[in-house]
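In the text below, chain A, chain B and the rest are named by the order of the sequence lines, each starting its count at 1.
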Protein chains: 2
Amino acid sequence: MARTVKGPDARRERWKGHREQRRAEFVEATIAAVAKKGPDVGMDDVAAEAGVSKPVLYRHFTDKSDLYLAVGQKATELLMDRMGPALAADGPIRDRIERIVDAYLSVIEDNPNLYRFVVKGSFVDRPVEKDVVQEDKDLIATTLARILGEYMRAYEMDSGGAEPWAHALVGMVQNAGDWWLDRQTMSRANLSSYLATIIWHAIDGLLRSAGVQADPAMPLTTPLRLVD
Amino acid sequence: MARTVKGPDARRERWKGHREQRRAEFVEATIAAVAKKGPDVGMDDVAAEAGVSKPVLYRHFTDKSDLYLAVGQKATELLMDRMGPALAADGPIRDRIERIVDAYLSVIEDNPNLYRFVVKGSFVDRPVEKDVVQEDKDLIATTLARILGEYMRAYEMDSGGAEPWAHALVGMVQNAGDWWLDRQTMSRANLSSYLATIIWHAIDGLLRSAGVQADPAMPLTTPLRLVD
DNA sequence: AAGTAACCGTTACCTCAAGTAACACTTACC
DNA sequence: GGTAAGTGTTACTTGAGGTAACGGTTACTT
């Protein structure tokens, strides 16, 4: 018997953490470069910003769209870190709505350049196969649909329309957010409250038309998680 | 006095109409090429589709983004041709809402490829200075803000929030439309009615909270035009 | 101690699509 | 007949994404 069981060469494992850290580093460099030189930076710019030459970049990212995707995932992280708790939080429905909306607005307020960069997506030339923005929206919409469905069922209504509802809500908040981000003519708190009011009224109206008298302070017992 | 007043050389005027027609022709070719080869066609493809070589294309469009813009304007035209009447139409508010929503949905239903091409905007590499989609959305939102403002004033309410409202509505309908366009799980009429119900309830709720008893059948007298 | 698998990094190149130069032909106004 | 607009072509330049080929460093393996 020649050798013991072929354990994986430790040299292969040694860098596992390092590689990830390096990728994160380049993602940060991209964000910084975008902040400096606008959204149409090139790979050379990013490499320069990271203090490195292009081929190094390509050791860590297969191509431009891979880098874009990584930036998108970073942004998703920032978003979900705040949206998650807001979506999962229990409590009176009217408060939940406002908290969710405000969580979203706070993220784009704190990272306007990153937000625009990711959403515009003009960094990648060819259409990218994995649409980060769409995925995020879908994830949030799915979660919302569950909340809405549960709420409707709590009042013994048909919850069938929860899905279009959820997508409508997502688009509504996003577009209002875009508008607000460009010309900041009102405070974030004001807009959150305003949007929450609209949303609550729409829900309330649906319930009324189903013959239910809703209570904006009614708490829902089941907390919801963001992902299955 | 050597000669009469220097009339413009007729040779310069002779082509005026022709040039426009030619541009339109290339716009159509672009749309056709996109339908055939997907959204990431090149200028060569477009030229080939038009049965012509690249430099000819560049005699009519300064660059790729100019062509994209022209396609966008064509799409705007299609959109406004249906949205305009719907926005301008007089009548009970609930019906107006549904008609506006349905007008929008009918356009994207009839031209899904064109719609996606223009909205995605991956045809242009560098970010284009004039954002057709944003302009359309702003135009519609502005018009909506006027309708809402007028409606609110009719009930003697403060019409200050009409603008965020309008942008929220635009985003709502667009995103719900996108969702519907991808997985067509319900009829257009159903979705229109559904969205209109949501919107109406939201408006109604606002009015209620202002102590007004609204009537969904109340007509507004002033018809509104799309542009100033 | 020697070998090697992973990384570090560079300069110089390839490729492909956008956009241009240069050239030749056609039409109809002057 | 001259000329200002258009018709069109092939062959080129340019710029950014992406790669080849080279050499150095670290630390695990034998």
Between [atom2] of [N] and [atom1] of [X], the distance in whole Å:
| X | N | atom1 | atom2 | value |
| --- | --- | --- | --- | --- |
| A:D125 | C:dA18 | CG | C1' | 12 Å |
| B:L57 | C:dA18 | CG | C1' | 11 Å |
| A:D40 | D:dG17 | CG | C1' | 15 Å |
| A:D66 | D:dG17 | CG | C1' | 14 Å |
| B:E25 | D:dG6 | CD | C1' | 14 Å |
| B:D44 | C:dG19 | CG | P | 11 Å |
| A:K64 | D:dT19 | NZ | P | 14 Å |
| A:Y58 | D:dG18 | OH | P | 4 Å |

Pair B:Y58-B:D66, side-chain donor/acceptor within less than 3.5 Å: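 No, no side-chain donor-acceptor contact under 3.5 Å.
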A:Q134 and A:D138: side chain donor to acceptor below 3.5 Å: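 A pair is found: one side chain offers a donor N or O, the other an acceptor, under 3.5 Å apart.
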G-U wobble or Watson-Crick pairing nucleotide for D:dG23 (cut-off 3.5 Å, both distances): C:dC8
Aromatic ring pairing A:F26/A:H60, orientation class (parallel under 30°, perpendicular over 60°, tilted between): tilted
Would you tabulate the nitrogen or oxygen pairs shorter than 3.5 Å linking the protein to nucleotides 7-9 of chain C?
unit_1, atom_1, unit_2, atom_2, d
C:dC7, OP1, A:R19, NH1, 3.0
C:dC8, OP1, A:R22, NH1, 2.7
C:dC8, OP2, A:H60, NE2, 3.3
C:dC8, N4, A:R59, NH2, 3.3
C:dG9, OP2, A:R22, NH1, 2.9
C:dG9, OP2, A:R22, NH2, 3.0
C:dG9, N7, A:R59, NH1, 2.7
C:dG9, N7, A:R59, NH2, 2.8
C:dG9, O6, A:R59, NH2, 2.4

B:S106 and B:R82: CA distance, side-chain angles, deciding distance, side chain to side chain donor-acceptor pair (under 3.5 Å) verdict: CA-CA 9 Å; B:S106 79; B:R82 290 201 208 165; 2.8 Å; yes
Working for side chain to side chain donor-acceptor pair (under 3.5 Å), residues A:D63 and A:Y68: CA-CA 9 Å; A:D63 58 8; A:Y68 168 72; over 6 Å; no
Pairing of A:E49 and A:K37 as salt bridge, 4.0 angstrom limit: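 No salt bridge links A:E49 with A:K37.
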